[in-house]
*Asks:* 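To start, I am sharing the structure in question, which I have written as structure tokens.
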There are 2 protein chains.
Amino acid sequence: MTSDIPDIVIGRLPIYLRELTRLAEEEGRINTSSHELGKRLGISSAQIRKDLSHFGEFGKQGTGYHINYLIEKLREILHLTNEWDVALVGAGYLGHALAHYHGFEHRGFRISWIFDNDPTKIGEQMDQLIVLDVTKMEQVIQEQHIKVAVIAVPANYAQEITDRLVAVGVRSILSYAPIHLNVPRGVEISYSDPVIQLQRMTYYLP
Amino acid sequence: MTSDIPDIVIGRLPIYLRELTRLAEEEGRINTSSHELGKRLGISSAQIRKDLSHFGEFGKQGTGYHINYLIEKLREILHLTNEWDVALVGAGYLGHALAHYHGFEHRGFRISWIFDNDPTKIGEQMDQLIVLDVTKMEQVIQEQHIKVAVIAVPANYAQEITDRLVAVGVRSILSYAPIHLNVPRGVEISYSDPVIQLQRMTYYLP
DNA sequence: TAGATTGTTAATCGATTAACAATC
DNA sequence: TAGATTGTTAATCGATTAACAATC
């Protein structure tokens, strides 16, 4: 048995964490309630309490949740107490944007390596990093024990890169390639394809 | 009553469409079955047939689905028979990547306008487009009847931009800002925050 | 204390799947 | 025809919600 907590519950925890962080850092708040959090996120308070109850009791009757305490607990649950080093594959426009994005900081991730196969990009500096030859990818990932990768390569390379990442131990992959990828059991994969998201919304447009 | 087809079903149709297009264009296939499509996508064949049955009968017993016919039908269902002009707000690294991304073509969308508030970016050429002053945003969107927008601005601007977009008629918004946005009923919103996705996956990492 | 809010239960609601008659 | 596959039904499975005792 791995874990019988539904994946859909796990998927909401980062949303809670993000909003709690916002409450604490942007608004200087100390406490909140499932009702307030739910109202801000468009989620029922019952669902928030039920989700959290899978992991323990983090609140107090009458006063709700101490925000920093709940943040800490969510970080533990999601394995974010240390930063994950992330390998980014693909140094095109999107890789460039990801390399320069500072939104990973303090949220559990650090892009530590960037790879590409284009000789004109290899050696280029991106933010603090140097683009490395993708032929070095396996060696670096193994030596550094990298478990998390982001794929920003064209669709026709994505499956090959995925296979190579998995082969050297990567277990969580976020792919921006507009294609379904096959991964073995035990490897988590998540997709980001703006067109898929837009197409879902245009269904509702007249 | 708007439509009683579950949103989760609508969300899978673009995935089917993408894989069908791949089957036709990359592999030159003419026909497929719910079983084959499901196997390629990690979805049960029953679910695919059930999803499609909400909209009509598109297959034939014994032979399955004619791919190009089903593609055409899915495009009609998702309102992709004409291209939607999209307004992109934010011309930073991510806006740059989106402006140069050619994955929108032939999938129902065309980024037609880019806006930013940074004087050093206004007037800059991105792909085929010129970055316009965001103060011109409302006027352009109204005149061009733009209904779809992509937000690639910092979190602290995202709600204001959203409100302004909605006020001039935008009804579908894809936001890359790492923040929950409030929109009125009748406006669809979709989010892309890589950290949220990574955090869901690290739960499963030891 | 009185008011507020939790964690949890049971009921409701909704989605997925197995199975199969129909039929190409 | 025989084999394959659809569309649909009913059963199963899973997620959400309403309600409330417990208690801060």
Side-chain angles (χ1 to χ4, degrees), chain A residues 1-17 19-20 23 29-74 77 200 203-204, chain B residues 1-17 19-20 23 29-74 77 200 203-204:
Chain A
M1 193 199 77
T2 44
S3 157
D4 54 3
I5 295 166
D7 184 62
I8 198 160
V9 172
I10 307 303
R12 281 189 293 261
L13 300 184
I15 307 281
Y16 301 160
L17 177 55
E19 193 66 23
L20 288 164
L23 272 164
R29 298 283 304 283
I30 303 297
N31 296 292
T32 188
S33 64
S34 60
H35 179 79
E36 181 183 51
L37 191 57
K39 195 147 169 264
R40 293 176 65 114
L41 294 174
I43 293 176
S44 80
S45 64
Q47 180 158 86
I48 290 173
R49 294 197 302 279
K50 185 116 219 291
D51 286 352
L52 296 176
S53 75
H54 286 99
F55 303 95
E57 306 192 356
F58 307 121
K60 274 201 183 65
Q61 288 102 323
T63 57
Y65 302 92
H66 186 272
I67 293 175
N68 282 336
Y69 178 74
L70 186 50
I71 285 174
E72 180 61 22
K73 289 297 161 187
L74 287 172
I77 293 165
R200 204 199 76 235
Y203 170 79
Y204 298 99
Chain B
M1 192 200 79
T2 44
S3 156
D4 54 3
I5 295 166
D7 184 62
I8 198 160
V9 172
I10 306 302
R12 281 189 294 262
L13 301 185
I15 307 282
Y16 302 159
L17 177 55
E19 193 66 22
L20 289 164
L23 273 164
R29 297 282 304 283
I30 303 297
N31 295 292
T32 189
S33 65
S34 61
H35 180 78
E36 180 182 51
L37 191 59
K39 196 149 169 262
R40 292 177 66 115
L41 294 174
I43 293 175
S44 79
S45 63
Q47 180 158 87
I48 290 173
R49 294 198 301 278
K50 186 114 219 292
D51 286 352
L52 296 177
S53 76
H54 285 99
F55 304 96
E57 307 190 356
F58 307 122
K60 274 201 185 65
Q61 287 101 325
T63 56
Y65 301 93
H66 186 272
I67 294 176
N68 282 335
Y69 177 74
L70 186 51
I71 286 174
E72 179 61 21
K73 288 297 161 187
L74 286 172
I77 292 164
R200 204 199 75 234
Y203 170 79
Y204 298 99

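Residue numbering restarts at 1 for every chain, and letters A, B, ... go by the order of the sequence lines. As the structure is a prediction and not an experimental result, all values here were calculated from the model. Below, all heavy atoms of this structure are taken into account, side chains as well, without hydrogens, waters or symmetry copies.
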*Asks:* Below 4.0 angstrom, which residues in residues 54-62 of chain B have at least one non-hydrogen atom near DNA chain D?
*Replies:* B:Glu57, B:Phe58, B:Gly59, B:Lys60, B:Gln61, B:Gly62
*Asks:* Is A:Arg49 close enough to C:dG7 that one of its side-chain N or O atoms is under 4.0 Å from OP1 or OP2 there?
*Replies:*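 So the side chain of A:Arg49 is outside the cut-off, no N or O lying under 4.0 Å from OP1 or OP2 of C:dG7.
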*Asks:* Between A:Tyr204 and B:Asp7, is any side-chain donor less than 3.5 angstrom from a side-chain acceptor?
*Replies:*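 Yes, side-chain donor-acceptor contact under 3.5 Å.
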*Asks:* Do the non-hydrogen side-chain atoms of B:Ser45 and B:Lys39 ever get within less than 4.5 Å of each other?
*Replies:* no
*Asks:* Which nucleotide, in any strand shown, forms a Watson-Crick or G-U wobble pair with D:dC20, with both distances under 3.5 Å?
*Replies:*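 Pairing partner, where one exists within any strand: C:dG7.
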*Asks:* Check this one for me: any side-chain N or O of A:Ser34 less than 4.0 Å away from OP1 or OP2 of C:dT6?
*Replies:* yes
*Asks:* If I take atom CD1 in residue B:Ile5 and atom P in nucleotide C:dA15, what distance separates them, rounded to the nearest angstrom?
*Replies:* 12 Å
*Asks:* Between atom CZ of A:Arg200 and atom CG of B:Leu13, what is the distance when rounded to the nearest 0.5 Å?
*Replies:* 11.0 Å
*Asks:* Are any of B:Arg12's side-chain N or O atoms less than 4.0 Å away from OP1 or OP2 of C:dT16?
*Replies:* yes
*Asks:* Grab the CG-P distance between B:Asn31 and C:dC24 for me, whole Å please.
*Replies:* 16 Å
*Asks:* Heavy atoms only: give me the nearest B:Thr63-B:Asn31 pair and the separation to one decimal.
*Replies:* O-CB, 4.4 Å
*Asks:* Distance check needed: D:dC13 C1' versus A:Asp4 CG, whole Å only.
*Replies:* 15 Å
*Asks:* Quick check for you: among D:dA15, D:dT5, C:dT17, whose closest atom lies nearest to any side-chain atom of A:Pro6?
*Replies:* D:dA15
*Asks:* With rounding to the nearest 0.5 angstrom, report the CD1 to CD1 distance, B:Ile77 to B:Ile10.
*Replies:* 8.0 Å
*Asks:* In this structure, how many angstroms lie between the P atom of C:dA19 and the NZ atom of B:Lys50, rounded?
*Replies:* 17 Å
*Asks:* Whole angstroms only, please: what is the CD-C1' distance between A:Gln47 and C:dT8?
*Replies:*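 Atom-to-atom, A:Gln47 to C:dT8, this comes out as 15 Å.
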*Asks:* Looking at B:Tyr65, does any N or O in its side chain come under 4.0 Å of the phosphate oxygens OP1/OP2 on D:dA4?
*Replies:*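 Answer no for this pair, as no side-chain N or O of B:Tyr65 is under 4.0 Å from OP1 or OP2.
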*Asks:* Rounded to the Å, how far apart are A:His66 NE2 and C:dT5 C1'?
*Replies:* 17 Å
*Asks:* Do A:Tyr16 and A:Asp51 pass the side chain to side chain contact (heavy atoms under 4.5 Å, CB included) test, and can you show the C-alpha distance, the side-chain angles, and the key distance before you say yes or no?
*Replies:* CA-CA 10 Å; A:Tyr16 301 160; A:Asp51 286 352; 2.6 Å; yes
*Asks:* May I ask which nucleotide in the shown strands pairs with C:dA15, Watson-Crick or G-U wobble, both distances under 3.5 Å?
*Replies:*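 Across any shown strand, C:dA15 pairs with D:dT12.
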*Asks:* Which pair of non-hydrogen atoms, one from A:Phe58 and one from A:Leu52, has the smallest distance, and what is that distance?
*Replies:* CE1-O, 3.6 Å
*Asks:* Would you kindly give the CG-to-C1' distance between B:Asp51 and C:dG14, to the nearest whole Å?
*Replies:* 14 Å
*Asks:* Quickly work out the A:Leu52 CG to C:dT8 C1' distance and round it to whole Å.
*Replies:*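 Distance, rounded to whole Å: 13 Å.
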*Asks:* On the nucleotide D:dC24, are OP1 or OP2 found under 4.0 Å from the side-chain N or O atoms that A:Thr63 carries?
*Replies:* no
